[in-house]
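Quantities reported herein were computed from a predicted structural model and do not represent experimental measurements.
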Amino acid sequence: MKKKLQQLLKQSLASLVADGVLDILVDDIRIDHSKDKTQGDFATNIAMVLAKRAGYTPRMLAEKIVATLPSVNEIERIEIAGSGFINFFIASDSSLAVIDKIITKGSRYGCSNFGNGQKVLLEFVSANPTGPLHVGHGRGAAYGATVANLLRALGFKVDCEYYVNDAGRQMDILTTSVYLRYVKIKGDKFPNSGYKGDYIFAIAKKISGVAKLDIFTNVCKDEKDGGDKEKHIDDLIGNCKTLLGDDYKTIFDLAVNSILSGIKSDLSSFGVEYQKWFFEQSLVDRGLVKSMLEKLQMAGNIYQKNGALWFKTTNFGDNSDRVVVRDNKTSTYFASDIAYHSDKFRRGYDKIINIWGADHHGYAPRVKAAIKALGFDENKLEILLVQFAHLFRSGVKVPMSTRDGSFVTLQELCREVGIDAARFFYVLRKSEQHMDFDLDLAKSKSNENPVFYIQYAHARIFSVLEKAQIHKPYTADLTLLKNQYECDLVKQLNRYQDVLQNAACNYEPHTLAYYLRDLAGDFHSYYNNSEFLVKDKILRQARLSLIIAIKQILSNGLNLLGVGAPDKM
RNA sequence: GUCCUUGUGGCUCAGCUGGAUAGAGCGGCCGCCUCCUAAGCGGCAGGUCGCAGGUUCAAAUCCUGCCAAGGACGCCA
């Protein structure tokens with residue numbers, strides 16, 4: 001309908017251009033769903049936008065536009081209002097048609113081929129495998145999964161990917177932490193920088209047949225003893241590696257695998273599925289980091305300084321050059337990441353989306369710089385930042401640190417508030433909004449979570465249909481739907497398609513969540529003010545058709561958000 | 001110091017590609033189940049849209065400056 005109106009307006013403007021009223025044809029004609037029913041169904045501000053250029057007052061220009069507008073059946077009437085808005089009132093049978101469309105298409109309603117099969121790579125969460133996923137990670141997981149669902153609904157071909165950082169120093173710290181828990185040094189002889197969580201003990205318990213050695217000989221003092229905690233842990237790692245030999249790798253693999261399998265199952269039960277788990281180590285194994293460095297070197301983008309190799313990212317928009325190989329000859333995380341991104345580009349995607357925590361925003365320029373330097377199109381890369389979720393308990397902020405072992409896991413959260421509520425809660429805030437997650441509130445008053453409000457509407461409709469013994473769709477005389485509640489609902493249903501498209505294209509799942517709540521709200525009002533199971537069979541059928549359509553949209557929308565639509569509550 | 005994000009009723013947030021009287025939930029107060037699920041509905045109270053300028057027919061929305069909160073500025077990942 002929106003498109004149709006744009007088309008008509010375009011024709012009208014074209015004829016005004018021909019008459020010399022306007023000097024130029026504009027392409028971008030904005031059509032909005034009217035907020036207020038007295039303002040019709042759709043409105044455009046085009047007359048106000050063009051008034052000055054045409055030399056008329058907005059209202060006068062609006063008159064001219066309306067006068068030259070071709071008349072079509074779908075438009076019942078047109079009004080000029082306010083300072084020059086043109087309001088369109090859509091013929092009711094045209095609006096009502098949406099009900100049949102929804103019922104016919106069912107769970108496919110809302111899907112389109114807008115994306116035209118374009119291939120999208122969506123990377124999200126990618127938390128280091130040094131501990132279980134916690135509440136902070138949940139937001140990225142819920143957001144990413146929902147964006148994927150939305151894009152797929154619009155006809156994009158989306159691959160979700162998790163980048164596993166299994167090659168850095170943190171993994172060595174993890175391995176050494178596990179070994180120390182296995183050895184069980186008496187007292188509190190555990191490094192400040194080690195991973196202190198209880199899950200480390202659980203992994204350590206799985207080790208058998210490895211010698212229990214003292215790795216504290218000849219190490220730098222820890223911080224609490226007046227030393228350097230970073231040097232301390234590095235020395236411990238060194239001892240651990242040399243003393244354990246092959247057993248080190250065994251413990252390393254055990255640690256990574258147990259943590260990773262936990263992450264995988266947590267995400268899976270959170271309703272988040274990945275097409276690919278990409279290991280940083282695989283880049284090294286395949287020699288991609290090395291070949292990438294060679295490529296940059298040949299292009300003259302690498303120089304040596306203080307014993308390290310630097311990538312001249314400042315040539316490509318970064319504000320400082322970056323080290324890719326340290327003076328101890330090990331390559332940096334950034335080096336792997338360049339190789340990773342060039343691998344992503346080589347895989348032939350039309351769009352590459354990275355969802356990162358907001359703390360990584362400063363990292364974006366150097367990645368984009370690398371992409372440019374390697375000759376890829378940096379416009380294909382979209383970096384979406386998700387702000388942190390701060391967890392509060394009894395009004396006090398709960399620190400979230402994997403290293404210190406102080407965190408609430410995603411699994412615990414789901415157990416306490418339920419998966420539906422958690423998924424919905426995360427996605428209800430726009431991603432760049434700093435989010436406060438009050439655990440006590442979420443737990444003690446979980447019934448007040450808006451997700452139940454929406455699910456309740458769905459369950460209520462199911463219950464009505466069950467009472468009416470309606471199990472399959474049928475046709476009805478929809479023109480009987482004309483009270484105010486029904487008009488509002490029909491209008492709301494007509495918005496769904498646009499809501500989906502906007503939510504997907506702008507990567508804003510929260511707009512869908514708000515839409516669903518509005519729709520549910522309109523339904524609840526209707527429910528409390530109109531009877532569905534009336535004696536008049538024709539009217540009953542019409543009303544039931546309407547609520548069947550509502551139920552379908554609630555279900556479709558909730559599904560996209562990764563939330564269930566229960567029949568009974 | 002530089003850069004990013006945020007600042008909207010008591011609280012948590014929508015609205016921000018400029019538009020028609022600034023919305024919702026929670027909390028507070030008052031009503032509604034002999035009737036399809038009261039996890040619901042209706043009503044009331046409550047807002048200088050951080051502050052100050054500017055652009056425009058029109059600014060919560062765009063621009064500038066300032067204030068406040070969070071974050072980023074590593075040979076960490």
Within the 4.0 Å heavy-atom criterion, would you say [X] contacts the bases, only the backbone, or no part of the nucleic acid?
X: A/Asp359; result: sugar-phosphate
X: A/Ala51; result: nothing
X: A/Lys52; result: sugar-phosphate
X: A/Ser525; result: sugar-phosphate
X: A/Tyr514; result: sugar-phosphate
X: A/Ser431; result: nothing
X: A/Asn502; result: nothing

Just to confirm, is there a sub-4.0 Å distance from OP1 or OP2 of [N] to any side-chain nitrogen or oxygen of [X]?
X: A/Tyr485; N: B/G42; result: no
X: A/Arg326; N: B/A77; result: yes
X: A/His510; N: B/G15; result: yes

Carboxylate-amine/guanidinium proximity below 4.0 Å for A/Asp536 and A/Arg540: no
Note, A/Arg543 side chain near A/Tyr526 side chain (heavy atom, < 4.5 Å): yes
Can you say whether a donor on the side chain of [X] sits under 3.5 Å from an acceptor on the base of [N], or the other way round?
X: A/Asn45; N: B/G19; result: yes
X: A/His434; N: B/U6; result: no
X: A/Asn87; N: B/A20; result: yes

Length of the [atom1]-[atom2] vector between [X] and [N], whole Å:
X: A/Leu512; N: B/G15; atom1: CG; atom2: P; result: 13 Å
X: A/Asn319; N: B/U2; atom1: CG; atom2: P; result: 14 Å
X: A/Phe424; N: B/A39; atom1: CZ; atom2: P; result: 19 Å
X: A/His361; N: B/C4; atom1: NE2; atom2: C1'; result: 4 Å

Mate of B/C41 where both pairing distances stay under 3.5 Å, Watson-Crick or G-U: B/G31
Partner nucleotide of B/A20 by Watson-Crick or wobble geometry (both distances under 3.5 Å): none
Those residues of residues 32-43 of chain A lying under 4.0 Å from RNA chain B by at least one heavy atom: A/Lys35, A/Asp36, A/Gln39, A/Ala43
